[in-house]
Amino acid sequence: MAKLVFLRRTDKEIEVFGGDVYFDLDGKNIGRLSRTNQEIDVLPGKHTIKMYKSHSYDTFIGFAESAIDVGETEELMVRYAAPMAVNQPGNMIISAYDYCKEAEVLRNREQTIAHDYAADVNRKKEQNERYNTGIMIWIVCMIIGAIIFAIWEASIWL
């Protein structure tokens, strides 16, 4: 019998993306990813895997779907990456299962998420600083304009 190993979610992934990740096999919901791998025995042949993530208000985002043809004793590793934006699809990677490779894949995923999250936080910080700088410039211009207007008004009355 063939086996599909749905790779677990990392702590950083759960922290950053939240929600739950679900997986369907041949149109039927099979389970939900957690902090442990989900191993599913399947019959050899063609199957369709669909993965997605829960979002607020009982909606789902990040749909990813793939058709596979599984051999008699084949073991496949299925990895899912949630989208950074709500309107983007998720990313599903299916490869031959290798226990030794699993730890490396999880470590790389954790590092990538941490790096991307830090870059996103820095980008938002820079945008906020630019916005605040723009507001300060606008306020200074308005004050200078008010002073010039007051001087002009005072010169009219003299």
Side-chain angles (χ1 to χ4, degrees), residues 1-140:
M1 186 158 255
K3 184 188 293 186
L4 297 175
V5 179
F6 290 88
L7 198 60
R8 65 185 172 268
R9 296 179 76 193
T10 63
D11 291 332
K12 191 68 173 176
E13 185 178 6
I14 293 170
E15 175 189 329
V16 170
F17 297 109
D20 294 317
V21 173
Y22 298 93
F23 53 95
D24 298 354
L25 185 63
D26 298 327
K28 181 179 178 187
N29 183 264
I30 300 299
R32 182 175 73 195
L33 289 183
S34 62
R35 286 184 164 90
T36 58
N37 291 348
Q38 305 291 317
E39 296 183 9
I40 307 296
D41 292 326
V42 295
L43 295 172
K46 296 184 187 244
H47 298 281
T48 302
I49 301 172
K50 183 177 185 179
M51 297 182 79
Y52 47 93
K53 187 184 134 357
S54 66
H55 192 57
S56 56
Y57 306 114
D58 295 329
T59 59
F60 299 101
I61 63 169
F63 290 93
E65 188 171 328
S66 183
I68 58 171
D69 192 3
V70 186
E72 183 71 35
T73 59
E74 194 171 14
E75 290 186 5
L76 297 177
M77 179 170 57
V78 182
R79 296 178 280 166
Y80 176 79
M84 290 300 267
V86 175
N87 60 350
Q88 294 177 332
N91 186 20
M92 182 173 26
I93 299 171
I94 301 171
S95 59
Y97 180 70
D98 181 3
Y99 180 76
C100 298
K101 187 179 176 183
E102 179 183 327
E104 180 185 340
V105 167
L106 289 171
R107 187 174 44 257
N108 287 343
R109 181 192 290 180
E110 190 88 358
Q111 290 172 348
T112 300
I113 290 171
H115 178 267
D116 290 348
Y117 182 72
D120 191 50
V121 167
N122 287 337
R123 182 184 56 79
K124 288 178 181 176
K125 183 179 176 184
E126 287 176 9
Q127 285 178 338
N128 196 25
E129 288 173 358
R130 287 182 187 148
Y131 175 78
N132 289 340
T133 302
I135 293 292
M136 290 302 295
I137 291 171
W138 184 82
I139 289 172
V140 168

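Basis for what follows: all heavy atoms, side chains included, without hydrogens, waters or symmetry-related copies. Model, not experiment: these values are computed from the prediction.
- Contact detail for Lys53 and Gly19: the closest heavy-atom pair is NZ-CA, 4.0 Å.
- Evaluated for a side-chain contact (heavy atoms from CB on, under 4.5 Å) with Ile68, the options Thr48, Leu4, Val78 yield exactly one hit, Leu4.
- Among residues two or more places apart in sequence or in another chain, the side chain to side chain donor-acceptor pair (under 3.5 Å) test is passed with Ser66 by none.
- Contact of the Asp98 side chain with the Met77 side chain is not registered, since no non-hydrogen atoms from C-beta on lie closer than 4.5 Å.
- With contacts defined as side-chain heavy-atom distances shorter than 4.5 Å, the pair Phe23/Ile40 qualifies.
- To the nearest 0.5 Å, atom NZ of residue Lys50 and atom CG of residue Asn29 are 10.5 Å apart.
- The two residues Glu74 and Asp69 come nearest to each other via the heavy atoms OE1-O, 3.8 Å.
- For the pair Ser54 (side chain) and Asp20 (backbone), a donor-acceptor distance under 3.5 Å is present.
- For the atom pair Thr10 OG1 and Gln111 CD, the distance stands at 11.0 Å (nearest 0.5 Å).
- Shortest non-hydrogen contact noted between Arg109 and Glu13 is NH1-OE1, 2.8 Å.
- At a threshold of 4.5 Å between non-hydrogen side-chain atoms, the residues Leu43 and Met1 count as touching.
- For Tyr97, the OH atom is densely surrounded, since the number of other residues' heavy atoms within 6.0 Å is greater than 12.
- For Ser56, there are no side chain to side chain donor-acceptor pair (under 3.5 Å) partners at least two apart in sequence or on another chain.
- Of the listed residues (Leu33, Asp24, Asn91), just one forms a side-chain contact (heavy atoms from CB on, under 4.5 Å) with Met51, and that residue is Leu33.
- Remark: Arg130 engages no residue in a side chain to side chain donor-acceptor pair (under 3.5 Å) (not counting sequence neighbours).
- Annotation: Met136, atom CE; neighbour count of heavy atoms from other residues, nucleotides and ligands within 6.0 Å does not exceed 12.
- With rounding to the nearest 0.5 Å, the separation of CG in Asn122 from CD in Gln127 is 11.5 Å.
- Applying the side chain to side chain donor-acceptor pair (under 3.5 Å) test to Lys101 and every residue at least two apart in sequence or in another chain returns nothing.
- Remark: the backbone N or O of Leu106 is not paired with any side-chain donor or acceptor of Arg79 at under 3.5 angstrom.
- Applying the side chain to side chain contact (heavy atoms under 4.5 Å, CB included) rule to Pro83 yields the partners Ile61, Tyr80, Gln88; only residues at least two apart in sequence or on another chain are considered.
- Residues satisfying the ring pair (Phe, Tyr, Trp, His ring centres under 6.0 Å) test with Tyr52, not counting sequence neighbours, are Tyr22, Phe60, Phe63.
- Interatomic distance, CZ of Arg9 versus CG of Leu7, reported as 12.0 Å (0.5 Å rounding).
- Separating the CG atom in Asn132 from the CD1 atom in Ile137 is a distance of 11.0 Å, to the nearest 0.5 Å.
- Side-chain contact between Thr36 and Gln38 is present, with heavy atoms from C-beta onward closer than 4.5 Å.
- Considering CZ of Phe6 and CZ of Arg32, their distance stands at 15.0 Å, rounded to 0.5 Å.
- The shortest heavy-atom contact between Asp120 and Arg123 is OD1-NH2, 2.6 Å.
- Under the 4.0 Å criterion applied to side-chain N and carboxylate O atoms, Glu110 and Lys12 are not assigned as salt-bridge partners.
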